[in-house]
Amino acid sequence: MPLDAPAFETPLHVGRPNIGSRERFLERVNDILDRRWLSNDGPLVRELEERIAERMGVRHCLAMCNGTIALEIAIRAVGMRDEVIVPSYTFVATAHALHWQGIVPVFADIDPDTHQIDPVAVERMITPRTTGILAVHLWGRSAPAAALEEIAERRGLELIFDAAHAFDCTFAGRPVGSHGRAEVLSFHATKFFNTIEGGAVLTNDDDLAERMRLMRNFGFAGEDNVIHPGTNGKLNEVSAAMGLTNLEAIEEVTATNRENAEAYAAVVSEVPGLRALPFEDSDRNNHQYVVLEVESGSQEVRDAIVARLRENNVLARKYFWPGIHRMQPYRDLYPHAGLVLPHTEDVARRVIVMPSGTAVTTDDIRTIGGILAEAMESAQ
Ligand SMILES: Cc1ncc(COP(=O)(O)O)c(C=O)c1O
């Protein structure tokens, strides 16, 4: 089709930043400059933390400079060490956050239907050195929280969730934030809700929250009074201004995302050999990720479809390919990991994540449907 011109003149991106009212953001930035309070537990960071904690129905929201540092702080604060079980089918930061703390990430396979970590596989990977499970609510869908909580309790393991994709989601009616000891959000620019760079840890555990509050600010308990090892995990005021502004727009972004997800599901249902990952309608989802799967299981077909979309300026992504276990340093650490991760290997070869968000219209999605149908036909 696009030998002459691409179907879209302007590229359509996955994770194009969602930005609320420019005027409200600039007003807030002006106030910050007037106050000359740019960082260190500023009033906007506190307001953002309060609003998020209230929305998610959780006792503590600790805002941080990004999701990776928030993960590292949560991992240390709950006392994980030695080996921790984690999925390989996720963004590399999930495993890096462990590795960076001197902890060995042990990869467990996923459920091929939901792409979530499989509790049976988790149990299989437990050794005498295992101290915890770091699960991921991939695509803003629920990890099997109840089964993981049961395993953690029975085997005496710590359990935390990487909820980087799950801002504002509910799982079986429970909002993100109350599963395991803590749940970690990312507010990166590409996420459903962003503070440019940022993240947070949500927890209902008062002692844990206090420890993480110290850890994110060099261990300071007051001026000149360091009482704990720490790092610099603080969120700045301009980022918090972006967060407060974007928080005012999330219903609108969710509605657009949802409309787009439904439009994609409709066009994909007309393309034999492709399926859109479904979502539980009973729960609230941010619909940030539109995840398609090539059912044939062939990487060549998937790659050909992505290439055809890209020729047309539809910049779809092969998330999370090739799987963390195939990236360094994990490839050297576990050269044969693929043998125990058959579903991870298979899903990573078949997934395509599509552009969505406010820059993509349902008309665009109808055009994309045509490209998908034509690409699928010629790739097989
Ligand atoms: C699943 C997952 N975990 C962790 C992160 C790291 O978050 P950040 O980029 O805010 O450090 C991301 C996104 O970047 C992610 O998608």
Side-chain angles (χ1 to χ4, degrees), residues 13-18 45 48 52 61-76 80 84-101 103 105 107-108 110 114-117 133-143 145 148 160-169 171 176-177 179-180 182-202 212 216 231-236 239-240 242-243 246 277 285-291 317-321 323-325 327 330 344 347-348 351 353 356-357:
H13 292 270
V14 172
R16 181 174 177 269
N18 298 317
V45 167
L48 182 67
I52 292 174
C61 168
L62 286 102
M64 308 255 180
C65 56
N66 61 56
T68 307
I69 294 287
L71 273 172
E72 287 178 20
I73 287 176
I75 287 163
R76 275 184 87 107
M80 286 180 172
V84 169
I85 297 172
V86 68
S88 169
Y89 192 64
T90 170
F91 183 61
V92 71
T94 316
H96 273 354
L98 292 165
H99 188 272
W100 206 252
Q101 299 296 313
I103 297 168
F107 299 118
I110 52 169
T114 62
H115 303 179
Q116 306 299 327
I117 194 166
I133 304 165
L134 171 51
V136 180
H137 296 299
L138 202 76
W139 314 132
R141 269 62 156 198
S142 181
L148 294 171
I160 61 179
F161 289 87
D162 177 340
H165 298 179
F167 189 90
D168 209 38
C169 296
F171 305 133
V176 69
H179 306 85
E183 303 211 57
V184 178
L185 300 167
S186 164
F187 305 153
H188 182 254
T190 55
K191 296 291 186 284
F192 165 72
F193 166 80
N194 85 84
T195 58
I196 307 172
E197 290 272 3
V201 185
L202 306 178
M212 292 191 291
R216 80 170 167 186
T231 185
N232 183 353
K234 290 173 274 119
L235 188 73
N236 69 73
S239 282
M242 185 65 148
N246 288 342
L277 196 71
N285 196 277
N286 59 41
H287 300 284
Q288 178 75 355
Y289 295 94
V290 175
V291 183
R317 301 287 305 268
K318 302 178 209 175
Y319 285 167
F320 287 101
W321 188 76
I324 301 177
H325 64 287
M327 299 172 176
Y330 313 106
T344 300
V347 169
V351 159
V353 174
S356 187

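Counting convention: from 1, in listed order, for ligands and their atoms alike.
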How far is [atom] from its nearest protein heavy atom, and which residue and atom name does that atom have?
atom: atom 7 (O) of ligand 1; result: Ser186 OG, 3.3 Å
atom: atom 4 (C) of ligand 1; result: Asp162 OD2, 3.5 Å
atom: atom 16 (O) of ligand 1; result: His165 NE2, 2.9 Å

Any idea which atoms of ligand 1 are less than 4.0 Å away from a heavy-atom of [X]?
X: Gly198; value: 10 (O)
X: Ala93; value: 4 (C), 5 (C), 6 (C)
X: Asn66; value: 10 (O), 11 (O)

Say whether [X], considering both its backbone and side-chain N or O atoms, lies within less than 3.5 Å of an N or O atom on ligand 1.
X: Thr90; result: no
X: Glu197; result: no
X: Tyr289; result: no

How close do [X] and [Y] get, counting heavy atoms only, and between which atoms?
X: Val92; Y: Met327; answer: CG2-SD, 3.9 Å
X: Val45; Y: Ala63; answer: CG1-CB, 4.1 Å
X: Val351; Y: Tyr319; answer: CG1-O, 3.1 Å

Check: Are any of the heavy atoms in Lys191 under 4.0 Å away from ligand 1?
Finding: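 Yes, that is the case, since the closest heavy atom of the residue is under 4.0 Å from the ligand.
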Notebook entry, point to check: Just heavy atoms, cut-off under 4.0 Å: does Thr68 contact ligand 1 by side chain, backbone, both, or neither?
Noted result: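 Thr68 to ligand 1: contacts from backbone and side chain alike.
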Check: With under 30° as parallel and over 60° as perpendicular, where do the rings of His137 and Phe161 fit, or are they tilted in between?
Finding: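 Ring orientation, 0 to 90° scale: parallel.
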Check: Does any non-hydrogen side-chain atom of Cys169 lie less than 4.5 Å from one of Asn286?
Finding: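 They are in contact (side-chain heavy atoms under 4.5 Å apart), so the answer is yes.
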Next item on the list: Would you confirm whether the ring centroid of Phe320 sits within less than 6.0 angstrom of the ring centroid of Trp139?
Entry: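 Yes, the ring centres sit under 6.0 Å apart.
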Note to self: Under 6.0 Å between ring centres: does that hold for His96 and Tyr330?
What the structure shows: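 Ring-ring flag for His96/Tyr330: true, centres closer than 6.0 Å.
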